[in-house]
Number of protein chains: 2
Amino acid sequence: MLFSRSTEYAIRTLVYLAMNASESHRIGIKKMAKDLGFPEHFLGKILQDLAKKRVVVSSKGPHGGFYMDDDAKNRSIISVVEIIDGLGFFDQCGLGLCECNEDKPCPIHKNYQIFKGDLFKLLSEKTINDMKEDLIKGVAFMNFE
Amino acid sequence: MLFSRSTEYAIRTLVYLAMNASESHRIGIKKMAKDLGFPEHFLGKILQDLAKKRVVVSSKGPHGGFYMDDDAKNRSIISVVEIIDGLGFFDQCGLGLCECNEDKPCPIHKNYQIFKGDLFKLLSEKTINDMKEDLIKGVAFMNFE
DNA sequence: ATAATAAAAGATAACAAGGTCTTTTATTCT
DNA sequence: AGAATAAAAGACCTTGTTATCTTTTATTAT
């Protein structure tokens, strides 16, 4: 698995929020967990992290819940990965060597660097909004249920 | 991390064996663990798996130990990954969706497929012997110490 | 045969990731 | 103010991976 489960849940949750929630229509953890099929309390933890980093807006009390403001919807996927998992993956050697760099590359260094670079680019360019648009257009699917 | 620690250890151990061991000069777990800096018993387990799958030849008793025959040295990296971790990574969705395929792709499906394909190709084409050659030529490094 | 050597095998421990539960705090509505 | 709602916070449990330890089995040399 490329990313942790937490990151996967986070990305899918954000797309869900971008599509379904707004300042005037906040959505609570319970409903989200049910709709997305995620464990409720685990999702709570993830949303807590996302709220601290201002990726989502949270509010307590009746009619409380979460939503994303327009800025946040333009966040790249990679910025979400960064918040939850960190970006360690992108500077690690494919063979797990601690000393592996341009000067002393491991036997798959060069190609692996290219692979990581391409992936980084993809995840940097794609935003939550892009994903939402793809879903609306019907060119991508994400199976909430 | 792309692969498990076991797979990383396995690959590095095989390159080490390709370079240093032979039918007439078998190397034991203790020496390998020391040279490579891996936990001895953990390495033992990995070598056991590799021996079962005929990637290495093992023999007990005095002057026992491990070596690779020439066939095995031409193994691809991917075949080692397959033995230890399996190839699940290569048919999994980048977002962890269970239903994600050409018909119902997730929003990053297409590009992610390409990356996985490229990586698979790289790991399929590169053999243990290739890595050994790179190290001998001095175009790659692997920091046995 | 016996002793020494070395891998195989199995049991167990340590740790991290994933997931659950309970209590606390903040907000809203009556 | 008080009751209800909902997130925040923290403690705790479960599972899987990583690592270690001990016993058994096979081989070799004396």
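Numbers restart at 1 for each chain; the letters A, B, ... are given by sequence-line order, proteins then strands. Computed over heavy atoms, backbone and side chain alike; hydrogens, waters and symmetry mates excluded.
For the pair A/Leu17 CG and D/dA7 P, the computed distance is 11 Å after rounding to whole Å. Summarising the geometry, the separation between NE2 on A/His63 and P on D/dA6 is reported as 8 Å, rounded to the nearest angstrom. Straight-line distance from the CG atom of B/Leu50 to the P atom of C/dA7: 14 Å, rounded to whole Å. B/Leu36 places its CG atom 16 Å from the C1' atom of D/dA19, with the value rounded to the nearest Å. Whole-Å rounding puts the A/Lys31 NZ to D/dA7 C1' distance at 18 Å. Atom-to-atom, CZ of A/Arg26 to C1' of D/dA8 comes out at 16 Å; the value is rounded to the nearest Å. In this structure, CD1 of B/Ile46 is placed 13 Å from C1' of D/dT20, rounded to the nearest angstrom. As a whole-Å value, the separation of A/Ile29 CD1 from D/dT5 P is 16 Å.
Of all the heavy atoms in B/Val56 and B/Leu47, the pair that sits closest is CG2-O, 4.0 Å.
A/Leu47 comes within contact range of no nucleotide atom at all, as no heavy-atom separation falls under 4.0 Å. Among the heavy atoms of the strands lying under 4.0 Å from B/Gly65 are primed sugar atoms or P, OP1, OP2 only; no base atom is included.
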Scan the side chains in residues 130-142 of chain B for donor-acceptor partners under 3.5 Å anywhere in the protein, sequence neighbours excluded, and list what turns up.
from	atom 1	to	atom 2	distance (Å)
B/Asp130	OD1	B/Thr127	OG1	3.3
B/Asp130	OD2	B/Thr127	N	2.9
B/Asp130	OD2	B/Thr127	OG1	3.2
B/Asp134	OD2	B/Lys126	NZ	2.9

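Contacts of A/Lys73 classified as side chain to side chain donor-acceptor pair (under 3.5 Å), with partners at least two apart in sequence or in another chain: none. With sequence neighbours excluded, the residues forming a side chain to side chain contact (heavy atoms under 4.5 Å, CB included) with B/Pro39 are B/Tyr9, B/Phe42, listed by chain and number. By the ring-ring contact (aromatic ring centres under 6.0 Å, His included) test, B/Phe120 is found to be paired with B/Phe90, residues two or more places apart in sequence or in another chain being considered.
Here A/Tyr67 sits in one hydrophobic cluster together with A/Val57; the rule is ILVMFWY side chains under 4.5 Å apart, joined directly or through other members.
Taking only side-chain atoms of B/Lys52, from C-beta outward, the nucleotide of C/dA8, C/dA9, C/dC29 with the closest atom is C/dA9. With D/dA9, C/dA8, D/dT28 as the candidates, the nucleotide lying closest to the side chain of B/Ser58 is C/dA8. The side chain of A/Gln48 lies closest to D/dA8 when the candidates are D/dT5, C/dA4, D/dA8.
A salt bridge is defined here as a Lys NZ or Arg NE, NH1 or NH2 lying under 4.0 Å from an Asp or Glu carboxylate O, and B/Glu125 with B/Lys121 meets this definition.
For residues 89-113 of chain A, every residue pair satisfying the side-chain hydrogen bond (donor to acceptor under 3.5 Å, both in side chains) rule, not counting sequence neighbours, is listed here: A/Glu99-B/Asn143, A/Glu102-A/His109, A/Gln113-A/Lys116. Among pairs with a residue in residues 47-65 of chain B, those fulfilling side-chain hydrogen bond (donor to acceptor under 3.5 Å, both in side chains) read B/Arg26-B/Ser59, at least two apart in sequence or across chains.
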Checklist entry - How does protein contact run along nucleotides 13-25 of chain C, one letter per nucleotide 5' to 3', with B for base contact, S for sugar-phosphate only, - for none, heavy atoms under 4.0 Å? => result -----SBBBB--B

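The stretch residues 77-96 of chain A has no heavy atom under 4.0 Å from DNA chain C, so no residue of it qualifies as close.
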